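Here the structure is a predicted model, which is why all the values come from computation and not from measurement.
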Amino acid sequence: MGKAAERLKPLFYPNTVAVIGASDDPVRLGYFYLKSLASSFKGTVYLINSRLAGREILNRKCYASIREIPESVDLALLIVSAHLTLDVLRECAESGVKAAIVFAAGFAESMGEKGREVESGIRKISEETGMVIVGPNCLGVVNVSVGLNTLLEAVIPEEPGKISFISHSGSLTDLFLTLSSKRGFYVGKAVSSGNEAATTLNDYLEYFIEDPETGVIAMYIEAIRDGRKFLKLCRSTTKPLVALKAGRTETGRMAARSHTAALAGSAEVWRGVCRQAGIIQAETFEELYDLAMALACPLRPKGNRVGIVTGPGGPAVIATDACEELGLKVPRLTRESRKEIGKILPPFASTLNPIDLTATALEDIGLYERVLRVVVSDPNVDSLIVIPPMLKQLVDVARVIVEIVREQDKPVVVAWTTPPMLGASQYIEALKLLSRNQVPSFFMPERAAKALLAMLTQTYIEKKKKKAETV
């Protein structure tokens, strides 16, 4: 176990959690946190509230102070006002608490010099005692594998996945987890880091680099406090790194300062950082999840040549343009492949690339399977975009795609043209079938093309980093 993994283990894998500020009032946060832990957390939960000492809330005894807890506490949740934070943290430190989450706002992001002084006090406690302190002004952490969840508005994945997420924004952490739950490539761990008075982005990044359960690290970043260490950490790993940097404009930088007291750099600087560090850059938040999902796919394209198989014709044109504009190629298939496809499809169907199955595919789903097998095995094709019909046979097409992916080593991505609100039950069933088998899918071909580019870019990044290790 590395140093970061050992230090942050009590935060992500606590055996005991103390809720300081627990409440018996169902409308207060102290009750919500307790209820969330009571329903899913696999460890022991203790309640702290001097006003309610001796009473039971959700079948758990409430204590007056953390000093009264009969065993050591790994993680403390501080649901207290900003002005009480330092006193409570000192009490936690004296009681041997290993990690704490400070949820309250009202520090450097909004209270100026006074807030910075309090954050300096938080940092001092952490440095003197070794306590891991998340926040303040954050929503905390999630570890699906142990049922730990302090993000009350997020839809939590059904099971742990390989994506880990670091975010300076609590609400965007909620959203990222919810996207993960709905689209199927699951987040396993997440942290909303807030103002980072003590534990910073670099600490979480180092932890996830060492964490064997993390396959992809996604980040929403408002500021990097130690750029040199950040670059060193990013260069040290071949795990895929994908990030969305906020505060790229002057007005955005002002917004970042008022949100988490962050100092943000320019767009030009950030692009340079990504090139040097081997980070795949997302331009929008939804793209951040798209790319993280694509990079969680175990397959990588060996080159930039893309095959496109479609039922609807228009989306194939969009897919072709998107690929070519991104530097991906849509090559002509070999003569042998075109001849084979010509035997399968009617004379009016295209046997070039993209391959348009026409409406005939709606009458015989076997056409999809036969054509896909020809295209995916073509030596001129490194990866494949499949565009299913609008509403018909979505689950059947998904089954065909899954079977083909199991048999070969080229990545296949799906580009839905069906708006999620239409054919909802079929769409959701097909989506889950694909994601369970690690086939990424996206709404509209442009996003599928960007995902393939990210997968190919990651191949180059990994080769470059491995080569640098040997020099």
| Partners of R271 by side-chain contact (heavy atoms from CB on, under 4.5 Å), sequence neighbours excluded? | A267, E268, R275, Q281

| query | Any side-chain donor paired with an acceptor under 3.5 Å for D203 and T200? | reply | yes

| task | Please work out which of the three classes, parallel, tilted or perpendicular, describes the rings of F176 and F165, given edges at 30° and 60°. | result | parallel

| message | Just to verify, what does D24 make a side-chain contact (heavy atoms from CB on, under 4.5 Å) with, not counting sequence neighbours? | response | R51, L52, R55, I57

| said: Does S169 form a side chain to side chain donor-acceptor pair (under 3.5 Å) with S167? I'd like the steps, not just the answer. | reply: CA-CA 5 Å; S169 165; S167 173; 4.7 Å; no

| field | Set of side chain to side chain donor-acceptor pair (under 3.5 Å) partners for E206, sequence neighbours left out | value | none

| said: With no hydrogens and no angle check, just 3.5 Å: does a side-chain donor-acceptor pair link D226 and N202? | reply: no

| said: Going by side-chain hydrogen bond (donor to acceptor under 3.5 Å, both in side chains), name the pairs with one or both residues in residues 145-156, residues two or more places apart or in two chains. | reply: N143-S145

| task | For R399, enumerate each residue passing the side chain to side chain donor-acceptor pair (under 3.5 Å) test, keeping only those at least two apart in sequence or located in another chain. | result | D396

| query | Between the side chains of Y13 and K189, does any donor sit under 3.5 Å from an acceptor? | reply | yes

| ring pair (Phe, Tyr, Trp, His ring centres under 6.0 Å) against F442, all qualifying residues, sequence neighbours excluded | none

| query | Does anything in residues 62-85 pair up under salt bridge (charged side-chain N to carboxylate O under 4.0 Å, His left out), and if so which pairs, sequence neighbours excluded? | reply | R67-E91, R67-E94, D74-K98

| note | E287 meets the side-chain contact (heavy atoms from CB on, under 4.5 Å) criterion, sequence neighbours left out, with A282, E283, T284, L291, K450

| request: Evaluate ring-ring contact (aromatic ring centres under 6.0 Å, His included) for Y207 paired with F12, printing each intermediate quantity in order. | output: CA-CA 10 Å; Y207 175 82; F12 288 101; 4.8 Å; yes

| query | Side chains of S120 and E117: do they bring a donor and an acceptor to under 3.5 Å? | reply | no

| remark: Contacts of R228 meeting side chain to side chain donor-acceptor pair (under 3.5 Å) (sequence neighbours excluded), chain-then-number -> none

| field | Set of side-chain contact (heavy atoms from CB on, under 4.5 Å) partners for P212, sequence neighbours left out | value | none

| task | Using the side-chain hydrogen bond (donor to acceptor under 3.5 Å, both in side chains) rule, collect all pairs that involve residues 433-449, keeping only residues at least two apart or in two chains. | result | E286-R447, D290-R447, R406-N437, W416-S441

| task | Sorted by first residue and then second, give each ring pair (Phe, Tyr, Trp, His ring centres under 6.0 Å) pair with at least one member in residues 139-162; sequence neighbours left out. | result | none

| field | Exceeds 12 heavy-atom contacts within 6.0 angstrom, atom CD of E324 | value | yes

